[in-house]
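Structure first, commentary second.
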Amino acid sequence: EKSSGSSKTQESAMKKKKQKKTKGDPKTGQEEESHTCCGCRFPLLFALLQLALGASVTVLGFLMAGISSSLLVRDTPYWAGIIVCVVSLVGFVMLCTSYQPDEKTCVQFTVKLMYFLLSALGLVACVLAVAFAAHHYLQMTKFSCDTILEACQCKLDTEDPLGRTFVYQDAADCGSLTSMLNLYLLLQMVLNLITALVCLSACFVMWKHRYQVFYVGVRFYPLTPSEGQQQKV
């Protein structure tokens, strides 16, 4: 009878072990799934969005630069698109690196840190591009322009002889130039705003899942009653 009872207990213990192996520890499962998003590795969706938006901003910036040679660099924010494209490439590199919990490898930690910092830089660049485009667009809504010697000269106040004059070179038709430039500026504002939100979301997700909790000193675990009794004895 004793042997049958001991065999039953052994069988029940083996079943419990099998159930633990099949189910797994919920904490370890959360750690394994923390680097996935919708079944994909973390930076895939953000990197694809950053690449598409960055390429769009870059192409649109070069198109704006082709309208007139006198446009300033701040008015053609291809630089913001190039930065975001570089961020997306770093995201693809991070996607290809082998995942290790708690950043055990130096390569993984370095790539993730670069992606976080470059995403923050892309966020700042896109916000600056939105501010410059909005300022230029508001100015153009108040312009009164005339075509003089294959150049479009615009003024904010025609009655003020000392008012600032904005000259757009290589523009034979002021009407088409102002309409196209207004459209491009609106597109730049929308695209850079969406890109800034994507970069902000990438920084937030990385901070929340990997860099939000910092452990200082030694982690102390509470003693179980059996361990406490053994220490007392």
Side-chain angles (χ1 to χ4, degrees), residues 37-38 40-97 111-112 114-143 145 147 150-154 166-206:
C37 180
C38 299
C40 301
R41 292 287 297 273
F42 158 66
L44 180 60
L45 180 60
F46 289 102
L48 289 175
L49 288 174
Q50 287 170 342
L51 182 60
L53 293 170
S56 301
V57 171
T58 304
V59 172
L60 190 58
F62 283 116
L63 289 176
M64 292 177 67
I67 294 177
S68 175
S69 59
S70 60
L71 285 174
L72 300 176
V73 177
R74 68 181 184 183
D75 297 325
T76 57
Y78 54 85
W79 38 271
I82 292 173
I83 292 173
V84 176
C85 288
V86 173
V87 176
S88 67
L89 294 178
V90 177
F92 287 124
V93 171
M94 184 172 68
L95 182 67
C96 295
T97 55
V111 174
K112 290 182 72 174
M114 286 179 61
Y115 184 73
F116 179 81
L117 295 177
L118 288 175
S119 295
L121 180 62
L123 171 63
V124 175
C126 291
V127 170
L128 288 175
V130 171
F132 290 143
H135 177 67
H136 197 175
Y137 180 80
L138 290 176
Q139 282 185 333
M140 292 202 68
T141 55
K142 302 176 183 178
F143 278 168
C145 302
T147 304
E150 296 184 356
C152 184
Q153 295 185 4
C154 302
F166 297 86
V167 180
Y168 297 97
Q169 299 290 340
D170 305 327
D173 187 6
C174 284
S176 61
L177 181 138
T178 53
S179 60
M180 289 179 63
L181 197 54
N182 284 331
L183 177 61
Y184 286 162
L185 289 172
L186 284 174
L187 289 175
Q188 285 287 4
M189 283 189 283
V190 174
L191 289 175
N192 281 285
L193 183 60
I194 296 173
T195 309
L197 292 176
V198 171
C199 291
L200 179 62
S201 301
C203 292
F204 174 74
V205 170
M206 290 193 69

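Treat the numbers as computed from the prediction; the structure is a model and nothing was measured.
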Q50 vs T195, test: side-chain contact (heavy atoms from CB on, under 4.5 Å). Steps then yes/no. CA-CA 7 Å; Q50 287 170 342; T195 309; 5.6 Å; no
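Residues satisfying the disulfide (SG to SG under 2.5 Å) criterion with C152, sequence neighbours excluded, are C174. A search for ring pair (Phe, Tyr, Trp, His ring centres under 6.0 Å) contacts involving F143 returns F166, not counting sequence neighbours. Here A151 pairs with V167, Q169 under the side chain to side chain contact (heavy atoms under 4.5 Å, CB included) rule; sequence neighbours left out. Under the disulfide (SG to SG under 2.5 Å) criterion, C203 pairs with no residue at all, not counting sequence neighbours.
Here the CG atom belonging to L177 is positioned 8.0 Å from the SG atom belonging to C145, to the nearest 0.5 angstrom. With rounding to the nearest 0.5 angstrom, the CZ atom of F204 is 15.5 Å from the SG atom of C199. A distance of 11.5 Å separates OG1 of T178 from CG of L183, quoted to the nearest 0.5 Å.
Smallest separation of non-hydrogen atoms from Y115 and A202: OH-CB, 3.9 Å. Of all the heavy atoms in M64 and L185, the pair that sits closest is CE-CD2, 3.6 Å. Closest non-hydrogen pair, T76 versus G61, comes out as CB-O, 3.6 Å. Here the closest heavy-atom approach between residue T58 and residue I82 is recorded as OG1-N, 3.3 Å.
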Would you be so kind as to tabulate the donor-acceptor pairs closer than 3.5 Å made by side chains of residues 121-140, with sequence neighbours excluded?
residue : atom : partner : partner atom : Å
H135    : NE2  : Q139    : NE2          : 3.3
H136    : ND1  : D75     : OD1          : 3.4
H136    : NE2  : Y168    : OH           : 2.9

Check: residues 83-95 side-chain donor-acceptor pairs under 3.5 Å, at least two apart:
residue : atom : partner : partner atom : Å
S88     : OG   : C85     : O            : 2.5

